[in-house]
Amino acid sequence: MLGDNQEPQHYYVGVDVGTGSVRAALVDQGGVLLAFADQPIKRWEPQFNHHEQSSEDIWAACCVVTKKVVQGIDSNQIRGIGFDATCSLVVLDKQFHPLPVNHEGDSHRNIIMWLDHRAVSQVQRINETKHKVLQYVGGVMSVEMQAPKLLWLKEKLRETCWNKAGHFFDLPDFLSWKATGVTARSLCSLVCKWTYSAEDGWDDSFWKMIGLEDLVADNYSKIGNQVLPPGASLGNGLTPEAAKDLGLPAGIAVAASLIDAHAGGLGVIGADVRGHSLACEGQPVTSRLAVICGTSSCHMGISQGPIFVPGVWGPYFSAMIPGFWLNEGGQSVTGGLLDHMVQGHAAFPELQARATARCQSVYAYLNSHLDLIKKAQPVGFLTVDLHVWPDFHGNRSPLADLTLKGMVTGLKLSQDLDDLAILYLATVQAIAFGTRLIVEAMEAAGHSISTLFLCGGLSKNPLFVQMHADITGMPVVLSREVESVLVGAAILGACASGDFTSVQTSFLQQTCGIDGPTLINRKLRRQWQE
Ligand SMILES: Nc1ncnc2c1ncn2[C@@H]1O[C@H](COP(=O)(O)OP(=O)(O)O)[C@@H](O)[C@H]1O
Ligand SMILES: O=C(CO)[C@H](O)[C@H](O)COP(=O)(O)O
């Protein structure tokens, strides 16, 4: 570790594949983000609740953004790369070519996205088995996990996909394979989405009971029989082919990956908050809840021992922070819901025109519009007679009911910009109440949470942050590095390079801002051992 005034000599690349875009960052050994690039990725919805992507399109976007962030940097100083991604299912044949996951036979679309709800009947049958692995996903398996999607492929696309498939990857593991040629899976993805146990490995009886005994027969070679902790170095590092694609030197360290929410958790949960009078200052790291808010929101709480929270995923051992158990609450659409509500409103074209004229995002415009119409009363009071139930894509936690739908009560005939702004506010509030329900469920089961650490696209929205602080009654810490998920991915690369001994010791310095009732940017130092 260098002193404060020395020139950093080592760099790490973090690549984050979200739902809507791929981002990359160049991060120095102090954890400071030096360059950032992003690129949208394609998404198809061939029918309602079927969501697909292309692994080739995503890899191409990874290459574009990585080349951008390392431009002008001496490649000898780049020591490692880490990937994180959404927990989507990538399907390849035995020669590692994409296979179609759709009835149209379009092999370009070889990813069933995390938010795809096609496997409803399959997940119902899986839950009816009451198999003991279900205890480790909050008691009820989500349709967004991989087992029901695999079963759907076997039942619906047996000839065109299932029989030809050689490799089923979680997207983060696909990326590390693409970079290294190593098919080892990350403990994070297998434990959180595939029912693997960090302590006991695969449970044959589960796969046999749900009708996927063929995965057991070949010793799990299609879904992973070599498992590594996140941040472990893979094979001989970056292959010459991948190095050319990414614009990086061959042989640099490539880390076993993380799911995107887990990379965000890793990027923020260890921030040292000393000197800011926060409750968590004198408390263990287990008093913190990392909330990663993008298209979805994920609520990551860690504990020393396993805690079983009904309707909240986990407990997962070592899936985010080595040695800690993880519970993961979630809301399937949060950013996605706000976009849906705002873009679908009759006043959206007017909003867009006004925001563009002011060179603002629609959300910045809406926030200032709410300030204008609230007059003397607190902004929260604008919604006393308008309420939203936010489960437009089912409830992930704590109700764990995919059949739930969204609701709005208190609608009037007017559809002007004021109405749009107030509907937007009510949606933000509903999402924040969803977080509160999750926190309450986690606390009832044994967690003791005092502080929220937010990151992801929605944490750039001050109203969203403020409502989370107001409605949970907890202070919210924001990282100075807004792109904290990328810091988490870069931590993996730093760990794999051998420059740091563990993910906990990587980047001991990070600058954060604290939010109580208002946003204040302050310098903080990151520390794990409390
Ligand atoms: N500057 C911003 N202000 C307000 N909201 C934002 C901003 N940037 C992104 N968002 C919200 O964050 C969501 C996307 O977050 P992001 O972390 O980029 O998602 P993902 O990782 O799922 O691709 C969008 O749905 C949008 O609602
Ligand atoms: O299930 C998840 C993490 O376990 C996420 O919801 C999923 O990966 C999508 O993430 P994002 O909202 O950032 O696109």
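Numbering starts at 1 and runs along the sequence shown. Numbering of ligands and ligand atoms starts at 1, following listing order.
Looking from atom 9 (C) of ligand 1 to the surrounding protein, the closest heavy atom is Gly457 O, 3.6 Å. Nearest protein neighbour of atom 9 (C) of ligand 2, counting heavy atoms only, is Trp114 CE2, 3.2 Å. Nearest protein neighbour of atom 11 (C) of ligand 1, counting heavy atoms only, is Leu458 CD2, 3.7 Å. For atom 12 (O) of ligand 2, the nearest protein heavy atom (residue, atom name, distance) is Ser296 OG, 2.6 Å. Annotation: atom 1 (N) of ligand 1 to nearest protein heavy atom, Lys460 CB, 3.8 Å. Nearest protein heavy-atom contact of atom 3 (C) of ligand 2 is Glu328 OE2, 3.2 Å. Summary of contacts: the protein heavy atom closest to atom 14 (O) of ligand 2 is Thr19 OG1, 2.4 Å. In terms of protein heavy-atom proximity, atom 1 (O) of ligand 2 is closest to Lys193 NZ, 3.1 Å.
Judged by distance alone, the side chain of Gln53 and the main-chain N or O of Thr19 form a donor-acceptor pair under 3.5 Å. Looking at Lys374, its side chain never comes within 3.5 Å of a backbone N or O of Leu372 through a donor-acceptor pair. Judged by distance alone, with hydrogens and angles left aside, the side-chain atoms of Trp194 form no donor-acceptor pair with the main-chain N or O of Trp202 at under 3.5 Å. A distance-only check finds no donor-acceptor pair linking the side chain of Ser397 to the backbone of Gly329 [under 3.5 Å].
Two residues are said to be in side-chain contact when any heavy atoms from C-beta on lie closer than 4.5 Å; Arg125 and Ile210 fail this criterion.
Between the choices Asn461, Val482, Thr295, Asp38, the shortest heavy-atom distance to atom 4 (C) of ligand 1 belongs to Asn461. Closest heavy-atom approach to atom 14 (C) of ligand 1 among the candidates Ser361, Gly335, Gly294: Gly294.
His369 and Asp418 share a donor-acceptor pair across their side chains, judged by distance under 3.5 Å alone.
Contacts of Glu144 with ligand 2, taken as heavy-atom pairs under 4.0 Å, are absent altogether. When non-hydrogen atoms are compared, ligand 1 lies under 4.0 Å from the side chain of Arg23 (C-beta onward) but not from its backbone. Proximity of Arg396 to ligand 2, defined as any heavy-atom pair under 4.0 Å, is confined to the side chain (atoms from C-beta onward). The parts of Cys87 lying near ligand 2 are both backbone and side chain, judged by heavy-atom distances below 4.0 Å. Residue Asp339 touches ligand 1 through its side chain alone, judged by heavy-atom distances below 4.0 Å. Heavy atoms of Ala261 found under 4.0 angstrom from ligand 2 belong exclusively to the side chain. With a heavy-atom cut-off of 4.0 Å, Thr295 touches ligand 2 through backbone and side chain alike. Only the side chain of Asp260 comes within 4.0 Å of ligand 2, judged by heavy-atom distances.
Between Phe392 and His340, the two ring planes are perpendicular [angle over 60°; tilted spans 30° to 60°].
To the nearest 0.5 Å, the span separating CD1 on Ile112 from OG on Ser88 amounts to 9.5 Å. To the nearest 0.5 angstrom, Leu370 atom CG is 6.5 Å from Leu382 atom CG.
Taking a cut-off of under 4.0 Å to the non-hydrogen atoms of His262, the atoms of ligand 2 that pass are 4 (O). Which parts of ligand 2 touch Cys298 is read off a 4.0 Å heavy-atom cut-off, strictly below it: atoms 2 (C), 3 (C), 5 (C), 6 (O). Applying the 4.0 Å criterion to heavy atoms of Tyr363 picks out, from ligand 1, the atoms 4 (C), 5 (N), 27 (O).
Not a single heavy atom of Gly330 sits less than 4.0 Å from an atom of ligand 2.
Within 6.0 Å of atom CH2 in Trp389, 12 or fewer heavy atoms from other residues, nucleotides or ligands are found, so the atom counts as exposed in its surroundings.
Ring centroid separation for the pair Phe308 and Tyr136 comes in under the 6.0 Å cut-off.
Between Lys42 and Glu56, no side-chain nitrogen of the basic residue sits less than 4.0 Å from a carboxylate oxygen of the acidic one, so the salt-bridge criterion is not met.
In terms of heavy atoms, Ser296 sits closest to Ser332 at CB-O, 3.2 Å.
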